A.B. asks: 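This is the structure I have questions about; it appears just below.
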Amino acid sequence: MELTRTEILPGVWLNALHTEKFKTACLSLSLLTQLTRETASMNALIPYVLRRGTTRYPDMEALSARMDELYGAAVEPVVRRIGEIQCLGFYASIPEGDFLPGGKGVLHEVCELLGSLLLSPATRGGLLLPQYVDSEKEKLLEAIRSRVNDKRSYALMRCVEEMCCYEDFAVGRLGSESACENINYKKLTRQYHSLLQQSPVEIFYCGRATEREVRACLRDALITLPRGEIDTEIGTDLRMNALEETPRFTEEALNVNQGQLCIGWRLGECMEDPDLASLLVFNAVFGAGTSSKLFQNVREKLQLCYFAGSLVDVHKGLLLVSAGIDFDKLDAARDEIFSQLDSMKRGEISAEELAAAKAGIASDLRAMTDSQGELEGFLLSQTLDGLDYGPLELAALVEEVTAEEISAIARSTECDQIYFLKKDEEETEEQEQDGE
């Protein structure tokens, strides 16, 4: 696979990965903007409103018919948060011409459709259609409200909100319910035009076409993209230290059957010159996977939790642990989680633990080359972090990581937040009484 990167229009970059490995090509377009409390929900809503119709294909039925004509090509909205950068746009799946009748591809037509969705939405009087905005707004509100239904991810979200309460990272990729409720079609139209003029654009292509062919198709499709002063200052605020000397503790009560313990650390000084390979191995040794210390000791050996796992946000410099526990095991589970991290600080990392962690990560990275979607997400993250190596190169770096490098990361961490989701005894009692 050969990756090239080219600026095809002002502030519009094409990352083209030439390969004949897949029967379909993929094409993603992402507008990049700073994540803020005021605009996150509007930004998240925009691609879904745009996907409702264009001037030529004014509704979902017409768009679906057009995609059927393109042999089942698909273009779907995508909203992501990478560090404190919000990425919104579209992801397209395109049948390769080698497998179509007559051998003629549809790349140019799909690029044209993608450009129409972005630049020529269905409007009235120059404004986004109120009925489309209101309909998608209700769906977005439902998605935001439903986050509480998955208690594990909800607890992690709440831990991050409390931990980063003074930072934009506390804002989820979909924004907040209160901000979403205040959106109207006029306000959204202004934000849409602002994004088109100011946002850097990252485009990723993976398929059989040459970079030159893809570039020509995209230039035709995006030639009318309005460009003003492009915001090149977007980025993520890295905070090395915890907010207070002792970890803050937040407790919340809901009607749950299992306690949810989440702990957040700042990765600290190791983020001054972060080593992605070492961070990935550190996370795997600590809590990611069945060979990790949290799984083997906190869950299996001591049986203090139903599950326990860790994740590292390499963009923001956070280490997060999530554990499902009995309500009366908060202190024991918390203390043992800290104990496992302390053992890593002392260098107590066995050869078997290190080998298993490295093998698992390297295997996952190599398998990434079999998935266009994973490649797209990986390379977008790498671009935003200013890194220029792919998953195979990273896999090779992972295999060189040493136990001392892992221990140094552990010593660099500072605990900032402990969050516990417990049972709401009053609500549970009321429900039991109602059921009698």
Side-chain angles (χ1 to χ4, degrees), residues 1 3 5 8-9 12-19 21-33 35 40 43-54 57 60 63-64 66-82 85-97 105-121 136 139-140 143 172-174 192 195-196 199-209 211 213-215 217-218 221-222 225 368-384 390-391:
M1 295 184 179
L3 179 67
R5 178 172 169 80
I8 61 173
L9 291 167
V12 180
W13 291 87
L14 168 63
N15 304 277
L17 191 61
H18 179 76
T19 177
K21 190 172 186 176
F22 307 101
K23 292 185 178 181
T24 59
C26 81
L27 179 69
S28 73
L29 183 150
S30 299
L31 301 173
L32 311 181
T33 186
L35 180 74
N43 294 338
L45 187 59
I46 284 170
Y48 289 91
V49 173
L50 298 182
R51 179 58 177 76
R52 290 293 297 268
T54 71
Y57 307 104
M60 294 287 285
L63 281 170
S64 296
R66 177 55 177 159
M67 291 185 203
D68 288 341
E69 293 172 355
L70 300 176
Y71 299 97
V75 183
E76 298 300 335
V78 177
V79 179
R80 288 172 281 197
R81 178 188 68 174
I82 301 177
I85 298 176
Q86 196 175 16
C87 312
L88 54 135
F90 300 99
Y91 184 98
S93 178
I94 309 167
E96 291 283 15
V106 293
L107 175 63
H108 188 275
E109 290 83 352
V110 174
C111 287
E112 184 181 61
L113 180 60
L114 184 65
S116 296
L117 287 167
L118 181 66
L119 302 173
S120 303
E136 295 302 325
K139 293 177 186 177
L140 181 59
R173 68 182 182 90
L174 302 180
Y192 160 68
L195 286 173
L196 291 184
S199 296
V201 179
E202 289 289 337
I203 300 173
F204 173 78
Y205 171 81
C206 178
R208 302 184 177 214
E211 185 273 342
E213 291 171 328
V214 180
R215 176 163 32 101
C217 291
L218 287 169
L222 301 176
L225 175 66
M368 190 179 291
T369 61
D370 295 325
S371 169
Q372 291 170 308
E374 290 190 24
L375 278 171
E376 186 267 349
F378 175 86
L379 292 172
L380 178 59
S381 294
Q382 292 289 87
T383 297
L384 296 187

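Given the structure is predicted, the values throughout are model-derived calculations rather than measurements. We number each residue from 1, following the sequence as shown.
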A.B. asks: Does the pair V75 and L63 meet the rule for a side-chain contact (heavy atoms from CB on, under 4.5 Å), with working shown?
C.D. replies: CA-CA 10 Å; V75 183; L63 281 170; over 6 Å; no
A.B. asks: Closest approach of A221 and L119, non-hydrogen atoms and distance?
C.D. replies: O-CD1, 3.8 Å
A.B. asks: Name all residues meeting the side-chain contact (heavy atoms from CB on, under 4.5 Å) criterion together with S371; count only those two or more places apart in sequence or in a different chain, and write none if there are none.
C.D. replies: E374
A.B. asks: Does A209 offer a backbone N or O that forms a donor-acceptor pair with the side chain of Y205 under 3.5 Å?
C.D. replies: yes
A.B. asks: Could you check whether any side-chain N or O of E376 sits under 3.5 Å from a backbone N or O of F204, counting only pairs where one atom can act as donor and the other as acceptor?
C.D. replies: no
A.B. asks: Between the side chains of E202 and S30, does any donor sit under 3.5 Å from an acceptor?
C.D. replies: no
A.B. asks: State, yes or no, whether a side-chain contact exists between T33 and I85 at a heavy-atom distance under 4.5 Å.
C.D. replies: no
A.B. asks: Is E211 reaching over with its side chain to a backbone N or O of H18, donor-acceptor style, under 3.5 angstrom?
C.D. replies: no
A.B. asks: Do you know which of L9, L114, L222, L380 makes side chain to side chain contact (heavy atoms under 4.5 Å, CB included) with I203?
C.D. replies: L222
A.B. asks: Mind checking the CG-SG spacing from L31 to C87? Nearest 0.5 Å is all I need.
C.D. replies: 9.5 Å
A.B. asks: Does R80 reach the side chain of Q86, with side-chain heavy atoms less than 4.5 Å apart?
C.D. replies: no
A.B. asks: Do T24 and I94 come close enough that some side-chain heavy atom pair is under 4.5 Å?
C.D. replies: no
A.B. asks: Just by modelled atom types, is the C206 backbone N or O under 3.5 Å from a matching donor or acceptor in the Q372 side chain?
C.D. replies: yes
A.B. asks: Would N43 and L35 count as a side-chain contact (heavy atoms from CB on, under 4.5 Å) here? Give the steps.
C.D. replies: CA-CA 9 Å; N43 294 338; L35 180 74; over 6 Å; no
A.B. asks: Check whether any side-chain heavy atom of D370 sits under 4.5 Å from a side-chain heavy atom of K21, and report yes or no.
C.D. replies: yes
A.B. asks: Are F22 and E96 side-chain neighbours, meaning at least one heavy-atom pair lies under 4.5 Å?
C.D. replies: no
A.B. asks: Within the structure provided, determine whether L88 and V78 are in side-chain contact (heavy-atom separation under 4.5 Å).
C.D. replies: no
A.B. asks: Given 3.5 Å as the limit, does a donor-acceptor pair link the side chain of R173 with the main chain of V79, or not?
C.D. replies: yes
A.B. asks: Has K23 got more than 12 heavy atoms of other residues, nucleotides or ligands less than 6.0 Å from its NZ?
C.D. replies: no
